[in-house]
Amino acid sequence: MVSAVRMGTELNSVTLLHWTMKYGLMIFLYFVGVTAFAETPLRNSFDSIEMKLMAEANLAYTSCLQKDGRENLASSADIRVVAGNAAETCSSILADLETALTESGVNPDFYMGAVVRIKNRAIRRLLPLLMMEKSNQGD
């Protein structure tokens, strides 16, 4: 009788050992795989290349807004509509900037504020220009 009880516990320990080896190996491989293919962390800073990209995009976006706004000034009596249409037309410049910054490893949460500032400043510069052009057309 003693041998039967002992035999049962040996079987249970063998089963437990197999289970531990099987699932322990699976858990180990899962964590090794996750860390082996982990992405590099995103940066919360700009280097000189990204600063240059932002300056070029700022200039290109502002120029595009002003050119498109002046060309389409006669299409609407409200300059806000003209500015909005120009912003939609030139939005690909900012989208390209966002793509370039993302590909270079900059955190989107970090650079979106800068992109929004570029857009807002360009529109704030465009509105007075369109008001002066519209007033000169009335003469």
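When atom types are taken as modelled, the side chain of Asn72 and the backbone of Asp68 share a donor-acceptor pair closer than 3.5 angstrom.
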Donor-acceptor contacts under 3.5 Å from residues 48-56 side chains, at least two apart:
unit_1 : atom_1 : unit_2 : atom_2 : d
Glu50  : OE1    : Arg43  : NH1    : 3.4
Glu50  : OE1    : Asp47  : N      : 2.7
Glu50  : OE2    : Arg43  : NH2    : 2.6
Glu50  : OE2    : Ser104 : OG     : 2.9

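Legend: residues meeting salt bridge (charged side-chain N to carboxylate O under 4.0 Å, His left out) with Asp78, ordered by chain and number and at least two apart, are Arg80. Remark: Lys67 engages Glu71 in a salt bridge (charged side-chain N to carboxylate O under 4.0 Å, His left out) (not counting sequence neighbours). Every residue meeting the side-chain contact (heavy atoms from CB on, under 4.5 Å) condition with Asn107, not counting sequence neighbours, appears here in chain and number order: Leu42, Asn44, Asp109, Phe110.
Ala83 and Leu127 get closest at one heavy-atom pair: CB-CD2, 3.8 Å. Nearest heavy-atom pair, Ser76 versus Val82, reported as atom, atom and distance to 0.1 Å: CB-CG2, 3.9 Å. Between Leu126 and Ala86, the closest heavy-atom pair is CD2-CB, 4.4 Å.
Residues in residues 115-129 take part in no side chain to side chain donor-acceptor pair (under 3.5 Å) pair, two or more places apart or across chains. Legend: side chain to side chain donor-acceptor pair (under 3.5 Å) pairs involving residues 91-100, not counting sequence neighbours: none detected.
To the nearest 0.5 Å, atoms CG (Leu94) and CE (Met112) are separated by 8.5 Å. The OG atom of Ser135 lies 9.5 Å from the CD1 atom of Ile79; values are rounded to the nearest 0.5 Å.
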- Message: Working note: Leu65 + Ile123, criterion side chain to side chain contact (heavy atoms under 4.5 Å, CB included); need CA distance, chi angles, decisive distance, verdict.
- Response: CA-CA 8 Å; Leu65 276 182; Ile123 292 175; 3.9 Å; yes
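The shortest side-chain heavy-atom distance between Thr102 and Val106 does not fall under the 4.5 Å cut-off. Side-chain contact between Leu129 and Arg70 is present, with at least one heavy-atom pair separated by less than 4.5 Å. For the pair Tyr61 and Leu97, the minimum side-chain heavy-atom distance is 4.5 Å or more.
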